Student: 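Here you go, one structure.
Note that the coordinates shown come from a computational prediction; the quantities given were computed from them, not determined experimentally. The figures that follow rest on heavy atoms only: side chains count, while hydrogens, waters and symmetry mates do not.
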There are 2 protein chains.
Amino acid sequence: MSEKATERACWRDVQKNDITHSAAHYLMAIDTLREQNGYARVTDVAELLEVTRGAASISIAQLKKREWVTEDKHRFLVLTEEGKHMAMLVEQNFRTLSRFFEEVLGVSREVALAEACKMEHLMSLETGKRLVWLMKYILSHGHTAAEIHQAMNCFKPGCESVEHCPLCEDDSVPPSRYGVLADSGNSESGMAQGDRCE
Amino acid sequence: MSEKATERACWRDVQKNDITHSAAHYLMAIDTLREQNGYARVTDVAELLEVTRGAASISIAQLKKREWVTEDKHRFLVLTEEGKHMAMLVEQNFRTLSRFFEEVLGVSREVALAEACKMEHLMSLETGKRLVWLMKYILSHGHTAAEIHQAMNCFKPGCESVEHCPLCEDDSVPPSRYGVLADSGNSESGMAQGDRCE
DNA sequence: ATCGCTTGTTTAGTAACCTAAACAGTAGTT
DNA sequence: AACTACTGTTTAGGTTACTAAACAAGCGAT
């Protein structure tokens with residue numbers, strides 16, 4: 001009876017995400033600036049991110065509260081260990097996703113970068129690692145990579161109507177998004193899919 | 001000189017996304033309710049999404065302004081053609097992503113659903129189609145699918161430190177995130193990739 | 001010592017979300 | 001008709017994140 005929490009409305013969890021899109025970019029900006037200039041000040045971050053100093057000031061104050069950012073002896077901004085870790089995670093997710101979109105899926109570079117940028121902070125370390133693993137596998141197995149590239153090169157829009165998609169023709173997977181609407185008795189039927197991965 | 005916009009700060013484009021995470025779920029909720037109950041009212045949507053009627057009322061008013069939602073003869077909520085299209089797109093992205101995470105990457109169902117839910121509204125139709133295409137290819141080529149599944153089953157955390165990742169060891173790809181810091185002259189090199197889809 | 005510039009913070013106002021609570025209808029019941 | 005219940009909107013208040021503009025502090029130059 002409590003197992004249906006598995007299917008529970010997940011849609012509001014976005015707000016409970018570890019890190020915000022904006023926070024991630026403030027962290028990465030500080031990191032970038034320290035790497036490139038050796039130091040990072042509020043003004044530099046603001047300029048890099050193209051926001052006002054006021055906005056940067058307030059956002060960075062939040063990051064200090066969260067202990068992702070501190071100041072060094074010279075009062076310049078630095079990432080704490082945890083801050084560095086968050087920044088690296090997002091940075092890595094960005095690279096993984098953009099490479100996946102561009103090199104595996106064959107999406108244009110612009111779109112690949114734009115979409116990777118939107119999703120980078122939403123992917124878990126676990127999923128990111130698995131995606132890297134998949135890409136490593138594909139890229140290190142010449143014939144597989146070639147086949148997939150060939151397949152992707154033959155990609156044609158197709159599937160024009162979003163309403164009907166070849167992959168989703170079997171409606172086996174789409175799990176109910178919002179818990180149980182009407183009382184749908186046996187909730188064990190949800191796991192009737194022992195046919196994969198054996 | 002204006003071509004460097006290619007590498008320009010993309011990080012604020014998230015706000016310019018076609019649809020908001022919350023808007024997407026309001027649309028899908030209306031769609032779900034009409035399918036399940038035959039009608040959708042503000043109260044039903046609020047209950048389904050677990051928000052107050054006040055919040056639902058205001059959000060739905062916005063959707064009406066955008067002409068994604070109207071009312072039928074009985075004053076019940078309905079999606080317009082455009083609204084339906086947006087809802088279908090997000091719904092499809094959700095299915096695609098969750099299946100990809102779960103079936104291809106081997107992520108647990110919970111995580112797969114949660115992350116798909118966060119990203120569903122951020123993936124373009126184009127990328128979504130290509131991902132479907134890739135999955136179709138993988139799943140329809142027994143040996144490839146088997147190999148990949150085997151590889152993914154052998155997945156071990158590895159790559160423990162986020163700082164150093166096997167895939168990203170060659171720093172060839174990571175494009176500068178925030179425009180040009182120092183003046184980096186020639187920007188035409190960005191489009192050196194005319195090798196697809198001919 | 002005062003001008004002028006940069007730096008960082010603060011304040012007021014905007015926008016998209018949410019809650020809680022008051023409010024105005026509409027509709028069924030006694 | 002009056003009581004109650006449900007529906008939908010509105011109001012006030014909170015959050016995150018932005019802009020614009022005022023402000024305080026520091027610092028170099030004359």
Student: I'd like to compare against my own output: the B/S/- annotation of nucleotides 24-29 of chain C with a strict under-4.0 Å heavy-atom distance to protein.
Tutor: ------
Student: What is the separation between atom CG on Leu33(B) and atom P on dT7(D), rounded to the nearest whole Å?
Tutor: 13 Å
Student: Specify the separation, in whole Å, of atom CH2 of Trp11(A) and atom P of dC17(C).
Tutor: 9 Å
Student: Under 4.0 Å between a side-chain N/O of Tyr26(A) and OP1 or OP2 of dC18(D), yes or no?
Tutor: yes
Student: Can you tell me how far P of dT7(C) sits from CG of Asp44(A), to the nearest Å?
Tutor: 7 Å
Student: Quick one: salt bridge (Lys or Arg N to Asp or Glu O under 4.0 Å) partners of Glu67(B), sequence neighbours excluded?
Tutor: none
Student: Would you call Lys64(B) and Glu71(B) a salt bridge, using N to O less than 4.0 angstrom?
Tutor: yes
Student: Take the protein atom OH of Tyr39(B) and the nucleotide atom P of dC6(D), then report the distance between them rounded to whole Å.
Tutor: 14 Å
Student: Look at the side chain of Thr20(A) and the backbone N and O of Ala23(A), then say whether any donor-acceptor pair between them is shorter than 3.5 Å.
Tutor: no
Student: Which is it for Glu120(B) and His25(B) under the side-chain hydrogen bond (donor to acceptor under 3.5 Å, both in side chains) test, yes or no, and what are the steps along the way?
Tutor: CA-CA 10 Å; Glu120(B) 62 191 359; His25(B) 281 269; 2.6 Å; yes
Student: What residues in residues 55-72 of chain A put a non-hydrogen atom under 4.0 Å from any atom of DNA chain D?
Tutor: Ala55(A), Ser59(A)
Student: Which part of the nucleic acid, if any, lies within reach of Thr52(B) when heavy atoms closer than 4.0 Å are counted: base, sugar-phosphate only, or nothing?
Tutor: base
Student: Send over the distance from His25(B) NE2 to dC18(C) P, rounded to a whole Å.
Tutor: 11 Å
Student: Hydrophobic clusters join Ile, Leu, Val, Met, Phe, Trp and Tyr when side-chain heavy atoms are under 4.5 Å apart, directly or via other members; which others share one with Phe76(A)?
Tutor: Tyr39(A)
Student: From dC18(C), dT19(D), dC17(C), pick the nucleotide closest to the side chain of Thr20(B)?
Tutor: dC17(C)
Student: Please list, chain by chain and in numerical order, all residues satisfying salt bridge (Lys or Arg N to Asp or Glu O under 4.0 Å) with Arg53(A), sequence neighbours excluded.
Tutor: none
Student: Verify the contact: side-chain N or O of Arg41(A) to OP1 or OP2 of dT7(C), cut-off strictly under 4.0 Å; return yes or no.
Tutor: yes
Student: Heavy atoms under 4.0 Å, any strand shown: does Thr43(A) hit a base, just sugar-phosphate, or nothing?
Tutor: sugar-phosphate
Student: Measure CG/Asn17(B) against P/dA16(C) and give the value in whole Å, please.
Tutor: 14 Å
Student: How many whole angstroms separate atom CD of Gln15(B) from atom P of dT19(D)?
Tutor: 9 Å
Student: Considering residues at least two apart in sequence or located in another chain, which fulfil the salt bridge (Lys or Arg N to Asp or Glu O under 4.0 Å) criterion with Asp72(B)?
Tutor: Arg34(B)
Student: Between Lys118(A) and Asp13(B) (salt bridge meaning N to carboxylate O under 4.0 Å), is one present in this structure?
Tutor: no
Student: Atom CG of Leu48(A) to atom P of dT7(C): distance rounded to whole Å?
Tutor: 15 Å
Student: Between Arg75(A) and Ser22(B), which has a closest nucleotide on DNA chain C that is more 5'?
Tutor: Arg75(A)
